[in-house]
Amino acid sequence: MIKVDEALKIILSAVKQVESENIPLIESLGRVLSEDIHAGSDIPGFDNSAMDGYAVRFSDTTNASKVKPKTLEVICDIKAGDSPKASLKENQAARIMTGAIIPRGADSVIMVEDTERVSGNRYQVTGKRGKEWVRVFKEVKLGENIRKKGEDIKKGELVIPGGKELNSAHIGILASLGMSSIKVYRKPRVAILATGDEVIEIDKELATGKLRNSNTYTLYSQILKCGAIPKNLGIAKDKPDQLEKSIRKGLDCDIILTSGGVSVGDYDLVKDILAKMGTNIKFWKVAMRPGKPLVFGTIKNESRSCVQGRDKLIFGLPGNPVSSMISFEVFVRPAILNMMSQIHDERKEVDAVLEEDIVKKKGLRYYLRAYTHWKNGVYLTRTTGPQGSGILKSMALANSLIILPEEEEKIEKGVRVTVRFLD
Ligand code: AMP
Ligand code: MG
């Protein structure tokens, strides 16, 4: 039996990165960049107005107020997309729209709400006719309401590092930089095989002693959440030939997951079958609860549809529904993310105050299903009821896992424990 940390180290050292592929930017949500993105241009590409208003020289607005407005001559209109020829002189302004280029001579923009438009014909004070004028009711600061060229992103800057999972904002930046297609890691393929004579398809009538296959469904969705592609291999009976035949169907994938049949019962055949198939078994049994009976190994790549030379990872996950989920969370998920070079796990871990006493077995790391919430400046955490490894409801009610170290035996209410959020 090995410790969780050692098991994880062995798994990660067996992980090989998957290849990259080019995909259209529009389809890139949740995909993992496989190259660093440096900006090919400044964003914004030119100084432009952040407001609808008037481009002015800030010095022409000195001391302007509601009672003593400054009057400026409006020499042109500049819409977004225009390329203005005009150049502002003293006491002149240009009407300007959001996103439009700041004309030469202007150094600030006053928002339209702080001005009043005056048409020349009706404006008697100056005696000039036909011209347009604007009254300015407020002083502007130098550079006010101007978005400077490159203020968001400078040309050459590292904008998104390789290994990042793309979100909507990243995609927007890549669009602004004109990248209509990008390089991402291909999605790892992960096969799932449920095992057990008692396990039946979910649309079948429940006969005595049978139970429906929930593990395939939880694992399938956990795989999707990691950004990988699940392949359902169905259910195999606890019969050596059938098990081997079914497992072989997963050899075109990067990872094969089996559930059940890895404990010490008479019909727990998975480990032996894997060994017979030539799997290099790296460990069996991990010092944790739930999830102790876990087999991990690698098997040579036999499929021509995959890149040669990369071994497949095989996880014989425990059959109990909670154990299967937790083992996935602790071991399979990091393996999948690392295949796409996502070394930074975004799961948040915090210290939380335990709201109940917990007794545990020494030597095992515990992953308790918990509900954790923020109250009066601290996180509080409590388990979500009975923690049996078959009680999937405990997982459904949880937003987090309380992680208790191997050496602990009794943890008292009020003590701070490590909690990992699940989503
Ligand atoms: P095993 O390790 O095969 O003895 O399985 C442990 C427990 O998990 C048993 O109670 C099984 O009935 C249950 N189990 C195994 N496979 C599944 C599955 N695919 N879905 C739900 N429960 C399962
Ligand atoms: Mg079984």
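Note that ligands are numbered from 1 as they come in the structure, with each ligand's atoms numbered from 1 the same way. Please read these numbers as outputs of a predicted model, since none were measured by experiment.
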Quick one: which of [options] has a heavy atom closest to [atom]?
atom                    : options                        : result
atom 22 (N) of ligand 1 : Leu211, Thr218, Asp197, Val264 : Leu211
atom 16 (N) of ligand 1 : Leu193, Asp268, Asn215         : Asn215
atom 1 (P) of ligand 1  : Gly261, Pro318, Ser259         : Gly261

Exercise for the section: Establish, yes or no, whether the cationic atom of Lys149 lies under 6.0 Å from the six-membered ring centre of Phe46 and within 45° of the ring axis. Expected result: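 Judged by the rule, Lys149 and Phe46 form no cation-pi pair.
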Problem - Within 45° cone and under 6.0 Å: Lys282 NZ/CZ vs Phe296 ring - result: no
Exercise for the section: State plainly whether the residues Lys16 and Asp311 are in salt-bridge range, i.e. N to O under 4.0 Å. Expected result: no
Exercise for the section: State whether the shortest distance between N or O atoms of Asn213 and N or O atoms of ligand 1 falls below 3.5 angstrom. Expected result: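 Asn213 vs ligand 1: N/O contact under 3.5 Å present.
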Handout entry: N or O pair under 3.5 Å between Thr216 and ligand 1
Key =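 It does not: no N or O of Thr216 is found under 3.5 Å from an N or O of ligand 1.
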Exercise for the section: Side-chain contact test, heavy atoms from C-beta onward, threshold under 4.5 Å: evaluate it for Met288 versus Leu364 and give yes or no. Expected result: no
Exercise for the section: Answer whether the closest heavy-atom distance between the side chains of Lys155 and His38 falls below 4.5 Å. Expected result: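 No, their side chains stay 4.5 Å or more apart.
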Exercise for the section: Look at ligand 1 and say whether Ile235 reaches it with a heavy atom at a distance under 4.0 Å. Expected result: no
Tell me, which protein residue and heavy-atom name are nearest [atom], and how many Å apart are they?
atom                    : answer
atom 9 (C) of ligand 1  : Glu198 OE2, 3.9 Å
atom 5 (O) of ligand 1  : Gly319 CA, 3.7 Å
atom 20 (N) of ligand 1 : Ser214 N, 3.1 Å
atom 6 (C) of ligand 1  : Asn320 N, 3.7 Å

Ligand 1 atoms in contact with [X] (distance to a heavy atom under 4.0 Å):
X      : result
Val199 : 16 (N), 17 (C), 19 (N)
Gly260 : 2 (O), 3 (O)
Thr195 : 16 (N)
Ala194 : 19 (N)

Practice task
Say whether Thr418 and Glu349, considering side chains only, have a donor N or O and an acceptor N or O under 3.5 Å apart.
Solution key: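 No, no side-chain donor-acceptor contact under 3.5 Å.
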Practice task
Would you tell me whether Thr62 and Glu139 have side-chain atoms, one donor and one acceptor, within less than 3.5 Å of each other?
Solution key: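 Their side chains do not contain a donor-acceptor pair, so the 3.5 Å distance test is not met.
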Completion exercise
In this structure, NZ of Lys413 is separated from CZ of Arg382 (nearest 0.5 Å) by 11.5 Å
Exercise for the section: Answer with side chain, backbone, both or neither: which part of Arg212 has a heavy atom less than 4.0 angstrom from an atom of ligand 1? Expected result: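 Looking at Arg212 and ligand 1, just backbone atoms fall under 4.0 Å.
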Exercise for the section: Say whether, by atom type as modelled, one donor and one acceptor occur between the side chain of Asp114 and the main chain of Ile110 under 3.5 angstrom. Expected result: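 Not at all, since once roles are kept as given, no pair shorter than 3.5 Å links the two residues.
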Handout entry: Exam field: side chain Gln387 to backbone Arg369, donor-acceptor pair closer than 3.5 Å
Key =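 Here the side-chain-to-backbone pair exists.
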